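Inspection log for the structure reproduced underneath, given as structure tokens.
If you're wondering where the values come from, they're calculated on a predicted model, not measured in any experiment. Chain identifiers are assigned alphabetically (A, B, ...) following the order of the sequence lines, protein sequences preceding nucleic acid strands; residue numbering begins at 1 within each chain.
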Amino acid sequence: MTGFGGFVARAHAAGQLVVQPRMGFSDPGRMRGGLIATKLADATTVGTLTLDSYTRVGANDEARRALAEGAALNGYPIVAHDAATTASVVEGLRGQDFPVQIRHGSACPEHIVDALVRTGFDATEGGPVSYCLPYSRLPLRESVRNWERACQRLAAVPGSHLETFGGCMMGQLCPPSLLVAISVLEGLFFAQHGMRGISLSYAQQTDLAQDTDAMFALRRLGEEFFAGLDWHIVVYAYMGVYPKTPHGALNLLAQAARLAVRTGGARLIVKTVAEAYRIPTVAENVEALEHAASAAALTSALPVGDGGEVYREARALIDAVLNLSDDLGRAFVQAFALGYLDVPYCLHPDNAGRARGHVDASGRLAWTSVGAMPIPGATGRSAGITSSSLLTALSHVERTFDWSPMETPPSPQQHLASPVTKTVMRIQDTALTAAREYLRDNGFVELLPAIIGPVTDPGVRGSKQVDVDYYGHKYKLMTSAILYKQASLLGFDKLFYIAPNVRLEPPETASTARHLAEFHQLDVEISGASREDAMQVVEDLVRVMVQRVVTTMPAELEQLGRDADAFKDLLVSAFDRRTHASAVADLLEIGHPQSADAEIDWQGEEILSRKSSRPFFVTDYPKGCRGFYDRENRDVPGMLRNFDLIAPEGYGELCSGSEREFEYAKIVARMRETGENPAKYGWYLQMVREGIPDSAGFGIGIQRFIRYVAGLDSVWQASAYPKIPGQVSA
Amino acid sequence: MELARKRLSVVLSSVASDSHTWNLVYLQLVLEEQGHDVVNLGACVPDDLLVAECLRCDPDLVVLSSVNGHGSQDGERVVRRLRACPELAGTPVVIGGKLGVDGDGRHTGNLLRAGFDAVFSDDVDAFRAFVDGLLVRVAA
Ligand code: B12
């Protein structure tokens, strides 16, 4: 197979989701730059020229006027630019390894199809219904005639490909069965007019489970109707009112990528963080392509479903239309005249306008009224929509994804009663049970940790300690258990705690989604062990905890929207180990300003974290960025024998550990270097002088770890009694 | 007389190249909730059609909405056409939405100079207040 369809089929067979931008600029140089960046993106991509609105409505003179005045258009004017200009835009880029599709939105596409064929393109998009009702005021009858001719013209080009926009229509508030039906019917229309390469589309809607059914319905109908043709399914990232925040926009996109991979979609058209505001830049498009590709890489296909109710409704609509006439164009015109197809909220004069959809209490799209469509549901036109209830419905997805977990948690009552908190706490319980079993089976003893003491871990990264008045002495709440862990080696070779820590982190960390002022660590210390021994225990522990949750709590993960596939790599492959120096080099290479002598900053950590598919270790931090107890490398002064474990997907650091300093002179010297006054450490230094074993150990941040396992937006969701830095709370 | 004029007749329309209609559906509801009569011309309204409909309806207010990024170019062109008709030279005509492809408001001056009485971005409250203000004018 050649051309667009062949490329997608090969990628699909190789398990790669093809990702594609909706990119279009009027300036040819910028357009070319966008195609180059798309081709070079770290993803399996195809290119796009999205055409501007003047070209779509045939106002080519208006497009020329804008070009002459230097005004930017909302897409590439393929008719107004001459053929040589367009040829130079794709020269050396377009080919079997990088097909480029023309996307437009025109009910009179012949001049566009002419121009694209003339300039060597063979793939485009549209349909007689889907490029008329949402895009034009042209009578449907005329759109049908125009699209018949356009299909015939395109079908004459060998290997040509046509995608229906039927799975989107108005972009929002249309229950999936109608979208699926129009998608299939337009595909049949294309085939009737000679097309052999066809893609069926489906736009992500409000609910992942419903979308999954819709995709399976489309797939089943595709198999029923398109056998023998070169066809695939393309998913559109949400086409309605888009989240305004970067995290909301990217999470919605990632969900679309997962939807595609789970259900056998072969291609995804992305949306960017600029969607809610303006035409996105090239860089924003590349970010979206790569983000979608990495979400896709962590997902695997579900067993095929039968499409449920979406299938039944779509099938009823398709059959009703096919029964009207053997000529699909005529059948379309009649179907809309009779209201057998009726698109909610579409103002086109040929649309009956009696059907209405809404978002129901569970977040799924449902029919308010089906008008005359041959499917179950109320038939009257429902009253009662107001400007504000319309906006509420239109912004359902935006609000869901924009809702910022960095905001203050709800009241303790609400938080504890929330089904999410309950599920997360049960996941935590399961994970800790697994950890305790593993540690006990391997000879560790659980001790109960100290909570206060005259001195505690001096801490790093600007956090402060809490003083308590202890019979007139200033004691501290433990910021970590390190000093007592080392002390306990005098009685136990292998020990662990589940220890509470309090660190008054700077208030600005409240918005990192990763800081709590009160949290817990699974603290482990092993006498005589090396760093590598400790890292092996960390790796085993993490795997044991994740394995237990994944196998015993699939329903809970599903309820939280956490894809168990995210752990597929973690469970089977060893965790990568890389040095701090190489991590810094990588960050510098991609333009992140990271100092070689300092802790990797939070953004840097997040960047590295997003690039990985399973947790990985960073080792050998420079001395300046850790406490006095991380042992210095005797052969490489200035470098520590320590490590961090970083979670994938942007969740960041989960665990820190090291071989420990245990010799009195070294410890005192290191204290001085880090600005700690040895005089404060009376009991500890006294003990060290008398001799403690050498050891290695670590602490896993429990709330951070559970956040990662449960796929939570913010770490506070993994605490029953969250304390956000800088915020007064329960 | 004054009571009868509490209802404005409004022509609501997209511009020639813009096919977005959720904005129109929404603005129609906003205006109807304020008690006005709305003729909604829908998507991609050619200049000739808009002029003809405005001449036919003789509205108290013309509201143009565009979000596709061509609103300033399309709006400037069509408001000149409206103003060229003596019957419409004094009719309040406003425009709003996402008027350029760059997400900023630098088109406002040009649009006002071309003949609009007001230019809005996303601020529907300001728009409601503007419409309320017209009632007083129409009544007087
Ligand atoms: C749904 C949608 C579509 C649907 C529209 C279906 C339909 N017939 O309506 C489809 C998928 C078909 C579509 C097509 C296109 N779209 Co579109 N679409 C959107 C989307 C996702 C949501 C718009 C929406 O429904 N909003 C809900 C309504 C109620 O609100 P609103 O339109 O945003 O208007 C609000 C305000 O602007 C204000 N307002 C609007 N008008 C007026 C007027 C007055 C007087 C006042 C006071 C206020 C006001 O009030 C509203 C409520 O706050 C937006 C992006 C987003 N916002 O998330 C892009 C968007 C508007 N589309 C865009 C574009 C460019 C297009 C296309 C040209 C394709 C392309 N190149 O990408 C085509 C249009 C072709 C054409 N001929 O015009 C761009 C516009 C870019 C810009 N302005 O810089 C946007 C912003 C997406 C983007 N970032 O690229 N689109």
Per-residue contact mode, E33(B) against chain A (heavy atom under 4.5 angstrom)
side chain

Cut-off 4.5 Å, heavy atoms of chain A, and the answer for D74(B) is both

Look at the side chain of N60(A) and the backbone N and O of A80(A), then say whether any donor-acceptor pair between them is shorter than 3.5 Å.
no

Flag the pair R103(A) and E163(A) as a salt bridge only when some basic side-chain nitrogen lies within less than 4.0 angstrom of an acidic carboxylate oxygen.
yes

Report the relative orientation of the aromatic rings in Y131(A) and W147(A); use parallel for angles under 30°, tilted for 30 to 60°, perpendicular for over 60°.
perpendicular

Need one label for A276(A): side chain, backbone, both or neither, based on atoms under 4.5 Å from any heavy atom in chain B.
backbone

Need one label for V45(B): side chain, backbone, both or neither, based on atoms under 4.5 Å from any heavy atom in chain A.
both

With a 4.5 angstrom heavy-atom cut-off, which part of A66(A) approaches chain B: side chain, backbone, both or neither?
both

Could you look at I279(A) and say if it's the side chain, the backbone, both or neither that has a heavy atom under 4.5 Å from chain B?
both

What pairs with V57(A) under side chain to side chain contact (heavy atoms under 4.5 Å, CB included), at least two apart in sequence or on another chain?
A59(A), S17(B), C44(B)

Contacts of T392(A) that satisfy side chain to side chain contact (heavy atoms under 4.5 Å, CB included) - sequence neighbours left out
R399(A)

Proximal to chain B - members of residues 138-146 of chain A, heavy-atom separation under 4.5 Å
none

Looking at D342(A) and R354(A), is there a salt bridge between them, counting it only when a charged N and a carboxylate O are closer than 4.0 Å?
no

Highest number of heavy-atom pairs under 4.5 Å with chain A: which of L24(B), N40(B), L29(B)?
L29(B)

In terms of heavy-atom proximity below 4.5 Å to chain A, should L27(B) be classed as side chain, backbone, both, or neither?
neither

For R77(B), is there an ion pair with E62(A) - N to carboxylate O distance below 4.0 angstrom?
yes

Closest heavy-atom pair, D132(B) versus Q34(B), reported as atoms and distance to 0.1 Å, is OD1-NE2, 3.3 Å

Which residues in residues 68-75 of chain A have any heavy atom closer than 4.5 Å to a heavy atom of chain B?
A71(A), A72(A), L73(A), N74(A)

